[in-house]
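Written out below as structure tokens is the structure these notes cover.
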Amino acid sequence: MGHHLLSLRGLTKAYPGVVANDDVSFDVAEGEIHALLGENGAGKSTLVKAIYGLVTPDAGEMEFAGRRFAPAEPSDARRAGVAMVFQHFSLFNALSVAENVALGMETPPRTRDLARRIRDVSEEYGLPLDPYRTVGTLSAGERQRVEIVRCLLQEPRLLIMDEPTSVLTPQEVEILFATLRQLREEGRSILYISHKLDEIRALCDTATILRLGRRVATCTPAERSSRELAEMMVGASFATPEPRGAAPGEIALEVAGLSLPAPGAFGTPLREVGFDLRKGEVLGIGGVAGNGQDELLAALSGERPAPRGTIWLSGRDISRLGPMARRDSGLLSGPEERLGHAAAPEMSLTENAVLTAARRERLVRGGFIDWDAAERFARRIVDRFDVRTPGTDTAARALSGGNLQKYVIGREILQRPEVLVVNQPTWGVDAAAAAAIRQALLDLAAKGTAILVISQDLDELMQISDRFAALNEGRLSPARPVAELTLERIGLMMGGAHDMEVAHAEA
Amino acid sequence: MIALEKRPQPSRGWLVAAPLLAVVLTMLVGGAMFAALGVDPVEAIRTIFWDPLFNPQFASYSRPQLLVKAGPLILIAIGLSLGFRAGIWNIGAEGQYIMGAICGAGAGLAFYPSESLLIFPLMALAGALGGWAWAMIPALFKTRFGTNEILVSLMLVYVAESILASVSSGLLRNPEGMGFPGSRNLAQWDAAANRELLANTGMHWGVVAAFVSVILAYVLMSRHVLGFNIRLSGDAPRAARFAGVRPARIIIFCLGTAGALAGLAGLFEVAGPAGQISIDFNSGYGFTAIIVAFLGRLHPVGILLAGLLMALTYIGGELAQLMLGVPGASIQLFQGMLLFFLLGVDVFTNYRLRLGRREVA
């Protein structure tokens, strides 16, 4: 390991009402993988945006390769040798890999030359990629490769990666790690943002831990236990959900042979999805994003009617019922997208309570809304789920992601559902709030509600589910009790039901 | 450097201040325009905004005109505002207004010269139905084939204008009119006339309907679940579907209501102030109502006030043409400025201005 490539001194950035970074200083050495660890809202994103020239810090200095470094825009940062792979990809589905890469360049070479370079780089780093494939047909893991290759073509000295493994299967994570280690051998530095402790302990040489915008520690993660890291990150120990012992009851929700065409050009069709869900049971559905999670939720919530005879609630065919009729019969759901799907951004929390609870909580009488009752229900959600908000007349979009998530999940839980379907219930939520949401789901199950949790967070699913199944290209694997699963087996389930069959034949 | 920063909550102060500021800006820039036209700006503004109401010489004529002009504007704008709240852009109220007038007048004239008391209610019903049916064309095309309601409703205005030209010199032409185009004068036929209800106020059935529609729209939007669903569809269409709202129903309700109200406005106009179906019967109320709807923040009470203000610019504009000789187009420009400034100033409801320096590398 050589001397410092990047040094931050006293970096501070405040937004109205919140200090995102407060006097942060640390160094990234040449040829090291440096982790930036912290909860959501700890200030990781703002910090790397400052390094990448997307945000101008209010105070503090940066030095890159021994020179003062104050990028006014990303192109300055790129010229200096900084590249970044974002958590959310900026790719055009309808264009090919090479065309997408060319769009990010200031003076793109001819497509044929570019394609050859893409192929060279992707082979050199073990990231196989066909430059002529249309991006819309690629998996999430392959799309990330496009972004990485796009960065590597710039020959960066520092590569910033924002939560790169959140969309990958365990096998894909291994491939990515091999690539990152190879880059380190070449003397490049990597700033690796994550909140997954095991990954950081396995991969990173150094870790800087942020909490509430401040740097709390810099350490060697391999020398620390996950628990120590977590406590530094959170600042206190937090309750982990308690497992339950209750035996599941009779079948509450049964889905059989559910097939639906893809909703749009880049949606995923559902193919012969089938499972059953018992009272008091939590069924976890894993899988890489874009394998039919949204489509499955829409089919269960009633937003898209399903073919007759495919969805049964307590023995009654509800396949053709709309969302309101399904809520009436006890099936509630919480979609992944908080703003715009689970909640209307410009509407107040009280109005958003009416969104799904109008009938079950009797907030509407004779067609007229009882705003007092709606306000009381909204207040109950806020109190019970510790939603931080100035009041119930605050617009949904004014809440932070985690608080709004607590609100929309709480809204469904308080309606005492018989079956609850949630997609990504703790996505983007800080660890303490995530633990609270998981505990609330487990409490609900203990009272006899059947719960279906769709999530991309495997740790979460292992923690709260009784059984686990995986979605792959719109197919659902058979559900297995969580106790029987190994990480490798989960990976195979996520990789496709067929692989699972093979694994079985061998077993 | 100047930057716009999104507010966490829409500013309530700006919500109210934006229309007022837009009026002030319109007066300033409009005044500059009048000055450039060689007219004393202060006098021009006074002629437009003050004289119609308070000048002893004109007020007795123009004060009643305020309600006569505001009535149809408010009635149409209330209907449009429902759709605009839901993100359904009916630009063709002018066509629905014309078709309402034609259908209403036609239904009445079919019974000429009967003096039955049922004639006028029948005409009102036919007028509403005519406007409704005309609005159902873009509504059904949108729900069935996914067409764009902006284009379809706008194009249908020109179709309606052609129908108007055709019937006023054909089907509905006055048989005793010596061959001139135009229908019988409904205002002179007791059973069909939309009379002034209170002398010298301009108050006629259309104005009553406008006030009633303001109240009903207020109750609908703030208390009723249908109004909630309309607002929800406009704010977050996906959340609306998740809640169980059927988009097609909202489209049909909003376009249908807007069409029916525009049709009613047309009928009240043809049976009252206009008096007859003629080639140049329509005067752009259907388009001006779009400005009224936005100037009133799509809120029923706001629309009431905006309708009165816009009516004032109509009357004052005519007065200014007459007294100061400003061209008619400058008045339209003036009204356009009002919408332009409102939309411009409106940015500050959701954004705040930040003045700050950016470091340069």
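Keep in mind the model is a prediction, meaning the values are calculated, not measured. Residue numbers begin at 1 in each chain, while the letters A, B, ... track the order of the sequences.
- Across every non-hydrogen atom of B/Val225 and A/Val364, the tightest pair is CG2-CG2, 4.1 Å.
- Considering only heavy-atom pairs separated by less than 4.5 Å from chain B, the leading option among A/Ala358, A/Pro335, A/Ala298 is A/Pro335.
- Of the inter-residue distances, the one linking B/Phe242 atom CZ with A/Leu297 atom CG reads 7.0 Å to the nearest 0.5 angstrom.
- With a 4.5 angstrom heavy-atom cutoff, B/Arg231 touches chain A via backbone and side-chain atoms both.
- Note that CD of A/Glu346 and CG of B/Leu232 are 12.5 Å apart. Values are rounded to the nearest 0.5 Å.
- When A/Arg397, A/Glu303, A/Arg304 are compared by the number of non-hydrogen pairs under 4.5 Å with chain B, A/Arg397 comes out ahead.
- Ranked by heavy-atom pairs under 4.5 Å with chain A, the first of B/Ala239, B/Ala240, B/Pro237, B/Gly244 is B/Ala239.
- Heavy atoms closer than 4.5 Å to chain B are found in the side chain of A/Glu337, but not in its backbone.
- Using a 4.5 Å cut-off between heavy atoms, A/Arg327 contacts chain B through its side chain alone, with no backbone atom that close.
- Nearest heavy atom pair, residue B/Ala243 against residue A/Leu355, reads CB-O, 3.3 Å.
- Among A/Asn352, A/Leu339, A/Val354, A/Leu399, the residue making the largest number of heavy-atom pairs under 4.5 Å with chain B is A/Val354.
- Enclosure of atom CZ in A/Arg388 is not indicated, since only 12 or fewer non-hydrogen atoms of other residues, nucleotides or ligands lie within 6.0 angstrom.
- The number of heavy-atom neighbours closer than 6.0 Å to CZ of B/Phe340, taken from other residues, nucleotides and ligands shown, is 12 or below.
- With a 6.0 Å radius and a threshold of 12 heavy atoms from other residues, nucleotides or ligands, B/Tyr351 has its OH atom at or below the threshold.
- Enclosure of atom CZ in B/Arg249 is not indicated, since only 12 or fewer non-hydrogen atoms of other residues, nucleotides or ligands lie within 6.0 angstrom.
- The greatest number of non-hydrogen atom pairs below 4.5 Å with chain B, out of A/Gly367, A/Ala398, A/Gly340, A/Gly322, is found for A/Gly367.
- If you take CZ on B/Phe228 and CH2 on A/Trp371, they are separated by 5.5 Å, rounding to the nearest 0.5 Å.
- Only the backbone of A/Ala343 comes within less than 4.5 Å of a heavy atom of chain B; no side-chain atom from C-beta onward does.
- Of the listed residues (B/His224, B/Arg241, B/Arg246), the one with the most heavy-atom contacts under 4.5 Å to chain A is B/His224.
- Separation of atoms CZ (B/Arg223) and CG (A/Asp370) is listed at 8.5 Å; rounding is to 0.5 Å.
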